Structure formats: C-alpha cells, structure tokens
Amino acid sequence: MNKEFIEIRWHGRGGQGAITAAKIVAGAAFVSGYSGVVMAPSFGTERRGAPVMTSLKISKEKIYDLSPIETPDIIVVLDHLLLNEADVVCGLKPGGVIVLNTPKAFESYNFKGYRLATADITAISVEAGLPHGMVNTGIIGSLEKATNLLGMDILIKGIEEEFRTRRPEKNSLAAKIAFEKTVAGG
Amino acid sequence: MQAKTTILNLPTEEFVHPGTRACTGCGLAIAYRVGLKALGKDTILVVPPSCLTVLQGLFPIASTKLPCLNVTFASTAAAASGILATLKSQGKDNIKVAAWAGDGGTSDIGLQALSGAAERGENFIYLCYDNEGYMNTGVQRSGTTPMGAVTANTPFKGKLQQKKDVPAIMAAHNLSYVAACSAAYPLDLFDKIRKCMDMPGTKYIHIHIPCPPGWGYEARYGIKVGRLAVETGYYDLYEIVNGEFKLTAASEKLVEKRKLIPVREYFRSQSRFRILTDAQIAAIQNQIDAKWANYYKKDE
Amino acid sequence: MGTRNYRRKTSHSEHGPGDGGRTGSWRVERPVLNKSLCIPCKRNTEACFICWLLCPDVVISRTIPPKIDLEYCKGCGICAEECPTKAITMVDEAQFSEEEKEKE
Amino acid sequence: MHIIENGNVAAALGVRLCHVNVIAAYPITPQTPLTEKLSEYVEAGEMQAEYIPVESEHSALAVCIAASSAGARSFTATSSNGLLYMHEQVQWAAGARLSLVMCVVNRAVGAPWNVWNDQQDSISQRDTGWIQIYCCDHQQIIDSVIKAYWLAEKVSIPIMVCYDGYILSHTYMPFEVPEQEKVDKFLPPFRPDYALNPEEPANLNTVTLPDVRMDVRGELAHGYMEIRYLLHEEMRTSLTAAAEAEKRFADIFGRGGDPYVEPYLCDDAEYIAVGLGSLTYQLRVSVDTLRKEGIKVGVMGVRFYRPFPDEAVAKALKGKKGVIVYEKALSYGYEGALASDLKSALYEHLAGTGKLPFVQNFIAGIGGRDIKTDDLTQTLRAATKNRVSKEPVWIGLKL
C-alpha cells in the first residue's frame, strides 16, 4: 500500500458512529505527519439505522480534491449485514484491505484479490464494558492490526481524547482487545 | 389598582410634531400621539409599511421624536426582537421597544413573525392599529376588515368573511397582557399601555382606528364613530391579564347599564357598510346580543 | 447643487415639524373658539381640554385659552364636534380675507 | 492551533472569535450544524451573545438588521430556499448599509427539493448589494468570517461568506484556529456611525423621495437615487478596503494572499480554468494532470465575486488563449453568471488589443451531482484544443 496517499471508506449505519471513528483516525493521521486529511460523510439525509458511508483521505500533502472516494485502499465495515445491502467493495483497489466487524469466522468469507481482517467487535466492545452495539472504537483496533498504518499509541490517544467525557478507558480498551483478537489475512 | 388617567394629569410632553402627512381627522394620529405619551421618551419604535410610515414622515424629516426603525412588512416583531437582543447585550434595560403596525401588517403578513416573537416571550409591546383594511394602499380588505364592508377589492358585495380576531390569537400565546382599545378612548389606551409596560414577555394591544377615507364618514365624526362601535357592543374594550378576561372602560359600564345602542346606528354612520341589508344587520345584531348576554351572565 | 457631502449615506431622518408642509393649507373650514363658552376660559382654571386630547395633529395647546396653530391645523373639526359646550365652531375658510390669511 | 473539524464548525469558531453580540438562526440543511454549534457556545457560556431561535429565515435577517441598527455585531447563516425566503431582507440590509456578516452554505434551490450542493442560492443574490466571498477550504472559511467583519464594518456593506454545502460544510479537514488576542488586534469593537437610541433619536429607512430634499437644518439631503448610487460606488471602492483587510490580516496572522483571485500555475498558462469555491481546488488536480501532458493550463478561483474584481481578473487573463469557466449555477436562459461577468471584464479591459481569449462555459455539479476529477480533466483538456460550444455545456448530464 502506498502510504503517501491513502483512501479509506467506512460503511456503517446511521447512529453507529462511523463518522466519529473516521474522525479519530483522521486526527491521529494528522498528528502523525499527514498534513492532508479530509473526512467526508455521505451527504444528505442521514437516518438512524440506514446504511451510511464516510470517506477518509490521508495524504502527506494538502488535499485539493474533495470529491468522493472512487478507488479506496481500505474498506471498514462496522456491520457485517451491510454486505448483503450494499456493494461495499465497490472500487476497492486490487489487494486492498477489508476490515469487517462480524460474529462469523474469518474462514466463512471469501473476498478474492483482497486482504480481509475480521473481529467480533460487537462482542469485544461488550467485553470492554461498553453498551451493546457501540463498535466504533473497537473497529479502530482492527483497522490498525490489518494495516499497521499509524500505530496503536497514537490511535489510543485519539480515542481517549474524543471520548474524554464518555468512558475513555473502556473505549480504548475495546480498541486494544480488538487489535489483539483481529484475524487478518495475508 | 392603578388610578385612571384623566386629561388633566395626562403628560403634556408631545412626541409627534404637527404638520404630518396623515389624512385630515386621522384616527391613528390620535392613538399614536397618546400612545407615545404612555410609552415615553426611552422607547425605540419599530414600524412596518403602513399609514404610520407616511405619518412618520419622509426622508430626511421625521414627525416622531422617538428613535424608530422602519422595517419590511412581514418582519415587525422579529425586528423588535433584534433590538431587544441588542439592548440586552448592551445592558440597557431601561429602554423599551414598541412595535406599531397596521392590521394588514399584523393579522396578515406580519402574523408569523408576531407569533414567533410572542412564543419566544420577547419583552416588548406590540400595538396593532386596526383601521380594518389596507388604507395606505387605497382601502383593500385585510384579515380584520369586518363582514359587509365595501373596500377597493370587495367593491360590490362587501367582504363576505368575518373579521379575524387577532387579540384572541395572541391570547392563545399565553401572553401576560392582551388588550383591546379604541382611538375614541385615548385615556383607556394610555392606561393600558402604562399598565402592561413592566409586565413580562410580549404584550399585545389592539386599537380600533376610525379612518375617514377608508370607512366613509366626515372627518369631524371620527371620535363619534369610534365610540358608536363600542356603545353598540360591536367592538369591545377589554383586557386579558394573565389569561383573565375583563371588559374595561366604556364596555365595562355597558354591562352595568344593560343597554346597547342598536348596531344599525354604527353601520349607518359609514358609507362602507352601505350594502348591508336590514336582514344582515339584524343577523349581526343577534350575534352582538348573544355575546352580550354572555357578558351579562358572567356579571350576575 | 449636489448632496455628495451630506451627513449620512442612508435614509436617516431627524425630527421636526411640517414634514407634510404647512398643512394648514389643507383646511376647508377653520375652528374658531368662543371663549365665553370654553370651560377652562370661563372658570379660568385648568379643566376640560378635550380639544387638546383629541386633536390628531397636535395643534391645540393645553392652555387657557386653548390656542389653535393654524399653520398646521388641517381643519378636521373633531375639536368642534367633541367640545362639550360647543365652544368651537367650524367656519368656512372663504370667510377669512386673504389679508388675514397672510397675517397668520 | 490546528484542529480537524468540519466547515460549519470553522465558521462557528470564526463567529465566536469575532465576539458577535446577536445571532439569529432558523434551521436549514446544510447550514444547521453551524448555528447549532453557536447555540452550544452561547448556552455553555463560551460566548457572550444573544441567540434568537426565530421562526423563519426572513425573521432571522430581520433580527440581524434590527440588532445591527441598534449597534450590535450580528450574525446569521442560511442555505438555499432559506436565503431565497430572506431575499427581501437581503436587499433591505444592503440599502440600510448594515455591517452584517452572513454565511451562505451553498445548496441547490427548489423546485424540486434537493439538499445537495450547488451555488444557485448565493448567485441568485448577486445583485442585492452585498459583498460576496467564496471559500475553498476551512482555513478560508474561518479567516473569511473574521476578515468579513472587519471589511463590513469598514465600508458599511453587508457580506455573504459563501462555502459549498456538504463538500465543505460537512467535510472534516485540518485548519488553524486563530488566536483570540490576534483576532482582537485585527478586529476592533463594532462602533457604527449611528445606533438607534432615545438620546439621539432618528427614524431610519423612511420613505425616501425620487429627488433630493431639504432637511430640518436646511441642508439638502439625498434622494433615493443618491443613496443607492453611494451603495454602488462604495461597493466598488470596497475592493480597495478588501486589499487593506487582506494585508492587515497577513501582517497579524502570517497568511493570506490576493484578496480577489487565487491563481494556480497561471503565469505561463495559455488556458485558465475559472470558478468559485471548492471546485477550483479540485481543478488544481486536473491542472496538475494536464501539465504532465504538456498542456499549459492553470486555474483561478474568484474569491471576491461582488464587487467584481474586473481589473484583477482581466489582468490575470490577459494574453491567454482561452478561459474555461466552471460554474455550479447559471442565469437560466443564457449562461453562467460568472462567465458573463468574465466576458464583460475581458471586453472592458482587453477589447481592441487583439488579446481577447475565448470563453468556454461548463456547468457542473448541479443539485450535488458528483463532480469527478476525471470529468474536469477531460473537459478542460478538450477545451484547450477547441472551444467546445457557444452554449454552456453541462458536465455529466445523462440525457
């Protein structure tokens, strides 16, 4: 993966916190020296429960192109059921990474030509002490495990900063557990 | 209870200059002149387009000695809110804000902004001077034009609909003070403005304004026509203080007297009602009698 | 003659009399006071002043006797109509000579 | 300090830094998060301001007009039909010479309903007597709000700070938040020439006659025409004041540039793409691609759209072969308003020199249709070969 310019597309449901997760990663990328960071939620009428998308571009240079991501390097899916509803891998670069929150086994998926990473973030988050369904911090741990992009330290710092008034330790714990438990393909 | 103001103790300071462009015998000019005496010097006015815009003077001369912001037709109460916000941010709590708008500017185009401001509880006095039509543009019907009145755009049949009851609409906003006044009873208007001035939130005062060209009577009879509206029980003077309705002044006395002048006399005093038939007048008389029967009942 | 250096660049009006001009010229009839009928005049004390209260044009003074500013009085006749003792009567302007009018 | 936030927050922070006294707002997508954020600042005590949640946009601007007339620094924001509903008040604020700043978060106008970005809303207010500034990123949004207050108060003309809905308003990117002390140094407290008050009563915005008239002191006062002429004249001279604002800002904050246009690789270019807002930054990517192919092309963003910086524009376009104008709005029945304005400036300054470039107009992104960088590159490449069409060409139209 070209680490000068990375495009990540996040798939979640309205209310699931995909935007917050992307924002945390954006912030961590910026402090890691990526001066170009652009995070754009899918525009329009966001409704709780409906599928939503967020795109994140990370670059060493200022980003002038704010148009939607067409060929992402990484796809993050916060709910495995979205696989049935949307073409989440659309445009994913060959050899691109799919980070998937799923209770199912890694082996039960077959994404030819892509690198898959899975974890049961829903269960991990509960284990970390978060309310059921809060998966947007755990998934960051999986993303880091799958991509080795920014380093856990800086991501944990970002999570604790974002959630400073809302259970910061439990949120960072979810990311840490997810990092450990994520199964990533080669 | 507040002592009633008399002519002799009415403040002598005038806030309106002579030589305005108001029509000869303008009812608004009387109410405005006395109303400003009640409001006093430390007042900022807000005025939408209306006869008052003309009365107030054309650039660069103002007929009014109080600061005034002329605003667009639909925005009176919102503009009052803006001035209030500024005064609040500047800590100037001694300055009052008063909006003076016509019936069209209140009951029709300005109602949304007024409702919004009243709901927010903006602390100002809104005075609607009701000459029952768009007089400034040449006498067209408004929401408060009464049924049967011939106007420039109800030329033959007269207005077919009832007058919109704006004070009732405002009372539905749970205001601290709503009152109905008349230019023919300027001291009652003075006392009501004074009474509500320090009450919280939005205060609404409706003023019945005889209009010689719009209503069709000789200028000299303006006060008499206004008084007839009250004495026939057709237009009532009242106030609603924190939800409590009470007839006031001449209307209150009518309850004691138990005797109304037939409304026919009011209608026949103005040419705008010339097309009302005896049957129509009788029907309106019945409505008035029913309304007053209710007042009498409450009085017993 | 231009107005480039006028004080304001907005419609910013300052107050003064006679925006509508000398509105006394609008008058068809002139109010004339009969002091012998006027209540404050008769009693020589502050009283009545209904004419002052009801004048739409601020042209009647609250004095004994009440004075009417004919420069601006539009001649509506409300004062005459409402005077409880009929001390004010409306008189056709034509009855006043040109000379007299100029004097005012 | 750099933060990563969305464009609406950038605007809200700018408003907070300017110590605005009165805020009035009515919700409309995609502006809503901006004024929500301001209500948060006010309720949390992070900002000393009166926040009026009005019942309509018409009233929002009414509140600001009145507040400004009474001496308060005032702010509102809107989008799309909200701006159209304000239209009467927009004109009023300019005629009353009020130093207002309003953010317009650009969105398509109805009918039919559409919440996505184009610029038809603010372009339709072009002739209202407001200064219009267009932003390309969040740094420009926050800086423009601050500069706009200085300029509006200097010239007594209201200013719209326009930025693309969603593309900027809801997109997160890093930007520097100016320090409060520096903003206070840049922007002195608001001291209007006159503020409504009983000690010095005046009747404002009264009926004004077609001709001049004597005032109470015996001095001749303007007629309506003089008042309106001065609005126009002072809008023209506000171009100079804008340059002063830019320079003062650069001196204090160490950033800024040309106040009117933002050129990229224009000096040696033969063809120049021109537009308003974030689109011109996207066009930089196309320009980079075409430069690699050896095509001498540049892009120029017009930041200051009204008053129109005709001289700066003509100077930048002088000697070019072609001007390719990309617009997210148009004057229905003719062409994009910016294209017309550019033609007018070129004709005025270059007619007879034999150096008039052709002007090609593209319409893009209407109602939020995705503008793909590839499409921009292709259309730009095509336009450098031949003028494509006399009529504006709609990019990505699927008819």
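What you see is a predicted model; the values in this text were computed from it and never measured. Reckoned from all heavy atoms, side chains included, excluding hydrogens, waters and symmetry mates. First the proteins, then the strands, lettered A, B, ... as listed; each starts at 1.
At a threshold of 4.5 Å between non-hydrogen side-chain atoms, the residues C/R8 and B/P60 do not count as touching.
C/S25 does not touch chain B: none of its heavy atoms, backbone or side chain, sits under 4.5 Å away. Using a 4.5 Å cut-off between heavy atoms, B/P18 contacts chain C through both its backbone and its side chain. For a residue to count as touching a neighbouring chain, one of its non-hydrogen atoms must lie under 4.5 Å from one of that chain's; by this rule B/V34 touches chain C with the side chain only. If you measure heavy-atom distances from B/L66 to chain C, you find no contacts under 4.5 Å at all. Neither the backbone nor the side chain of C/C73 has a heavy atom closer than 4.5 Å to any heavy atom of chain B.
Closest of all the heavy-atom pairs between B/C26 and C/P56 is O-CB, 3.5 Å. Residues C/W52 and B/T12 approach most closely at CZ2-CA, 4.1 Å, considering heavy atoms. Summarising the geometry of C/D19 relative to B/G57, their closest heavy-atom pair is OD2-CA, 3.0 Å, with the distance given to 0.1 Å. The heavy-atom pair separating B/I30 from C/I78 by the smallest distance is CD1-CD1, 4.0 Å. When all heavy atoms of C/H15 and B/T64 are compared, the pair lying nearest together is CB-O, 3.3 Å.
Salt bridge annotation for C/R62-B/E14: absent, with no cationic side-chain nitrogen under 4.0 angstrom from a carboxylate oxygen.
Counting heavy-atom pairs closer than 4.5 Å to chain C, the top residue among B/K224, B/K37, B/E218, B/R33 is B/R33. Between chain B and the options C/G16, C/A80, C/S11, the largest number of non-hydrogen pairs under 4.5 Å is found for C/G16. Contact tally against chain B (heavy-atom pairs below 4.5 Å) for C/C79, C/P17, C/C55: the top residue is C/P17.
Rounding to the nearest 0.5 angstrom, the gap separating the CG atom in C/L53 from the CD1 atom in B/I7 is 4.5 Å. The distance from atom CZ of C/F49 to atom OG1 of B/T6, rounded to the nearest 0.5 Å, is 11.0 Å. A distance of 8.0 Å separates CZ in B/R21 from CH2 in C/W26, rounded to the nearest 0.5 Å. Distance check: C/Y72 OH to B/T20 OG1 gives 11.0 Å after rounding to the nearest 0.5 Å.
Using bins of under 30°, 30° to 60° and over 60° for the plane-to-plane angle, the ring pair B/F59/C/Y6 lands in the perpendicular bin.
For the pair C/K74 (side chain) and B/A22 (backbone), a donor-acceptor distance under 3.5 Å is present.
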- Could you walk me through whether B/R220 and C/E82 pass the salt bridge (Lys or Arg N to Asp or Glu O under 4.0 Å) test, one step at a time? CA-CA 9 Å; B/R220 60 187 293 152; C/E82 298 302 322; over 6 Å; no

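The neighbour count for C/K86 NZ, taken as heavy atoms of other residues, nucleotides or ligands under 6.0 Å away, is above 12.
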